[in-house]
Each structure stands twice: as C-alpha cells, then as structure tokens.
Amino acid sequence: MSSETSPQSPVPSSPGGEPSKPRVAVVFGGRSSEHGISVVTAGAVMRAIDRTKYDVLPIGITRDGRWALTTDDPERMAITDRALPDVDQLAESAEGGVVLPVDPGNREVVYAEPGSVPKALGEVDVVFPVLHGPYGEDGTLQGLLELSGTPYVGSGVLASAVGQDKEYMKRVFTSFGLRVGPYVVIRPREWAEDRDMARKKIVEFAGEHGWPLFVKPARAGSSIGITKVESFEGLDEAIEEAQRHDPKILVEALLRGREIECGVLEFEDGPRASLPAEIPPVSDHAFYDFEAKYIDSASGIVPAPLTAEQTADVQRLAVEAFEAAACEGLVRADFFLTDDGQFVINEINTMPGFTPISMYPRMWQESGVGYAELVDRLLQAALRRPTGLR
Ligand SMILES: Nc1ncnc2c1ncn2[C@@H]1O[C@H](COP(=O)(O)OP(=O)(O)O)[C@@H](O)[C@H]1O
Ligand SMILES: [Mg+2]
C-alpha cells in the first residue's frame, strides 16, 4: 500500500511520540431524501468536535453513493436562503472515492481516484455516521462498519433497521409492552396484485378507527411522503405519494393529543433520558412536516409542560423503547400523549435531527448536557464499546 498521505489529512500516527488522537471519520450526506439536513448536521458536529482531543476526517456521501473527501467548513455546510447544502458542492474532487477496508484487521482508509495511485488516508478509530434514513440510519452502513471492525457512533445493525421500519418498530414495541397506535400495513405485493383488496382493507380499518388516516412510507423520515387523508377520495394519491419513497406503506389512525419527545443518551453506567419536549401543532403546515422541522426554526417547547409524574413516565418509556429496540448511543423517542392521558409511542429515531437547534440536542442542553459534550459522549460511548457481538 502506498504511504502517501491525503492532500488534506496527514496520517496521525506518531510512532514513539505522543499518543495520537483518535481519528473520527464524520460520514454524512448519503443517498436518502434527508441528504441535505445530514450535511447541515455534520457541519455542526464537526464544529463541535474538540480538535485537541480528536482528529477529524470529513467524508461526504453523494446522492448517488460516492464517498467523497470534503471540506469541513461549517459555513459551506449551512442552510442558505432556505436551501439545503449538498455533498457534490463540498467534494474536493468530482471523481475520487474513499474506500473503507472490510478486513477487520485493517483500519487504513484509502482514497482512490481513477488513473492515479490510491492514497492512504491513515487509520480511522471511530466513525460518526451523521446520516438519516435509508443507507445510513437503517443498518446498512452499520453492517459495513461491523464487517470492517470499526467502532461507530449510535445503534448497531438490528436497532438501526428496526428504527427505520415503522412496521417492525411497532411490532417490537408491542412485544415489549409499549403502547402503539392502530395501524395497518399494505405490502408492495398487496398493492401491486389487488388494489381493490388493499383499498378494502384500508376502508375496513377506517370503519373501525375513522378518518382522517395517515398514509406513510414504512421506511422514510422527516415526514417525507406522509399524507393526512381526509376521506376515501384522497387515498390512492396518498398511497402513490408514499410509494415514491417506499413500496411498503403504513396506514395509521389519527392520534389526538400532544406530541411529546424524549432523548435517550448512553452514559458510562447505561442509558438515561433527557427532559422531554413538546412539539406544538404547527398552524400553517398540515402537520409537523419537513419545512416545519428544518427550515423554520424548531418550535418545540423544552421542557414539555407536563406534570412530574408524566415527565417520569415518558422518560421511563423512552428508556424502555431504547432497550426494546436494542439501541446504542442515542435515540429520540417520540410519543403522543393522547387525550385519555396515555403515552403512545409513535416512533424512534436512531439518528435524530442533530443540529444545535434540533430537538434532541435542545432536550439535552436543558438537561445539562451541552452540544459539544453530547458529541464527545457519543464518541466516547462508541470507543468504549466492544466490536463484534455484544
Ligand atoms: N397517527 C398519527 N396521528 C396524528 N399525527 C400523526 C400521526 N402520524 C404522524 N403524525 C404527524 O406526522 C408527523 C410525522 O410522522 P412520523 O410518523 O413521525 O414520521 P417521520 O418518520 O417522517 O418523522 C408526526 O410528528 C406527527 O405530527
Ligand atoms: Mg417523526
């Protein structure tokens, strides 16, 4: 292997010298529809990483899946004029790709560009996958990192996959005694082979639970592809919209109540819950949608105005959800506090929105853990964790 170093990132090993700092590869962007927000988040994460303690290697995954070396300039990774940044604008070259070895005995990351000799970028000690959605938050990237024997921030393969699939998430939570809302799944084959039958299944469900219904892609996020359907007339369009993102869809009954979220973070002695937050209904958006979440400033109330008992309840349930799905590092658990006073779990996010104004960091801020400490705790938890089965 070549001993050349990358143009921007010298190999940090210093034989016989000072102990080298752990090298963090921050991986962001990616192939999901949440590409842009991932870039914004990575900018904030890289700004927060203490460079006296860690070295940073920024790796942006383009929308078509190329692993590019990029800038770590937070200015270029910010939202400008309500537009989200893109890895293609940040990549140092239009062609080169970073290769992570799948050999667990080799932590040496390589940079390859067509027509030139591959360059060694040095070893990576821990990966921080700042990725949302498919091919990042869903266990696929985690599988690659498991193969390579590289520690990484956040949940492993199983928890990531469960957290990405709204059907299996509900099945897991139900089996662990957590309360979920009524739903029905329409599988790709059901819709493809007999639409009338699938529609009938939904109409029966609506007969039991009433309209409106929420039609969702089973594996998406950031409210993308979700439609609140008022009546049968809107159903096909909503299904088609959801299927642009995932052939498997979920149809859910409307849950009336307050939206309450709670953060869970892995400390040295185990997971702990943050103070919860409340997401008030957003008036000029049909529900808490992409614009409301990311473009408009986050309007969540921290801490949520709950009774001490309700706060304790939701914190306990959030940790239960973390354990039920076998999460690691962090999770944001989202609940509805229904009008009859019950907490119903809506979903978990194994890599929740993580800009400094996002709910997860804000909840921890209010609980005494600032953004930089949060990033550091996540890296430390990842470095502490054994690789392999655990
Ligand atoms: N069953 C439901 N009843 C009422 N509101 C819902 C329901 N499902 C989703 N919503 C609203 O839509 C938002 C996005 O849905 P969610 O299931 O959290 O998907 P995503 O993974 O895209 O965040 C929620 O935060 C909530 O405001
Ligand atoms: Mg959500």
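Predicted, not measured: the structure shown is a model, and the values here were computed from it. In each ligand, atom 1 is the first atom listed, and ligand 1 is the first ligand listed.
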Exercise. For the atom pair NZ (Lys248) and CD (Glu190), what is the distance rounded to the nearest 0.5 Å?
Worked result: 11.0 Å

Exercise. Could Arg332 and Tyr360 be counted as a cation-pi pair, given that NZ or CZ must be under 6.0 Å from the ring centre and within 45° of the axis?
Worked result: no

Exercise. To which of Ser223, Pro352, Gly353 does the heavy atom nearest atom 22 (O) of ligand 1 belong?
Worked result: Ser223

Problem set entry | salt bridge (charged side-chain N to carboxylate O under 4.0 Å, His left out) pairs, two or more places apart, involving residues 133-152 | Glu146-Arg390

For this session: Run the contact test for Phe336 against ligand 1 with a 4.0 Å cut-off on heavy atoms, strictly below, and give the result.
Result: yes

Problem set entry | Qualifying residue for ring pair (Phe, Tyr, Trp, His ring centres under 6.0 Å) with Trp364, from Phe354, Phe267, Tyr371 | Phe267

Seminar exercise, completed: In ligand 1, the atoms that come under 4.0 Å of a heavy atom of Glu259 are 24 (C), 25 (O), 26 (C), 27 (O)

Exercise. Which pairs, with at least one residue in residues 210-226 and sequence neighbours excluded, count as a salt bridge (charged side-chain N to carboxylate O under 4.0 Å, His left out)?
Worked result: Lys216-Glu252, Arg219-Asp246

Exercise. Does Glu347 put an N, O or S atom under 2.8 Å from the Mg ion (ligand 2)?
Worked result: yes

For this session: Could you pull out, from Lys216, Arg332, Arg256, the option with a heavy atom nearest to atom 17 (O) of ligand 1?
Result: Lys216

Exercise. Does Leu254 come within less than 4.0 Å of ligand 1, judged by its heavy atoms?
Worked result: yes

For this session: Look up atom CG in Leu131 and atom CZ in Phe128, then write down how far apart they are to the nearest 0.5 Å.
Result: 10.5 Å

Exercise. So is Leu255 polar-close to ligand 1, meaning N/O to N/O under 3.5 Å?
Worked result: yes

Problem set entry | No-hydrogen, no-angle side-chain donor-acceptor test under 3.5 Å, Asp376 and Tyr54 | yes

Exercise. So which bit of Asn346 gets within less than 4.0 Å of ligand 1, heavy atoms only: side chain, backbone, both or neither?
Worked result: side chain

For this session: Say whether Asn349, considering both its backbone and side-chain N or O atoms, lies within less than 3.5 Å of an N or O atom on ligand 1.
Result: no

Problem set entry | Which segment of Ile279 sits under 4.0 Å of ligand 1 when only heavy atoms are counted | neither

Problem set entry | Ligand-residue contact atoms, ligand 1 with Ala253, heavy atoms, under 4.0 Å | 1 (N), 2 (C), 3 (N)

For this session: Using the side chain to side chain donor-acceptor pair (under 3.5 Å) rule, pick out the option among Arg272, Arg385, Arg377 that qualifies with Glu266.
Result: Arg385

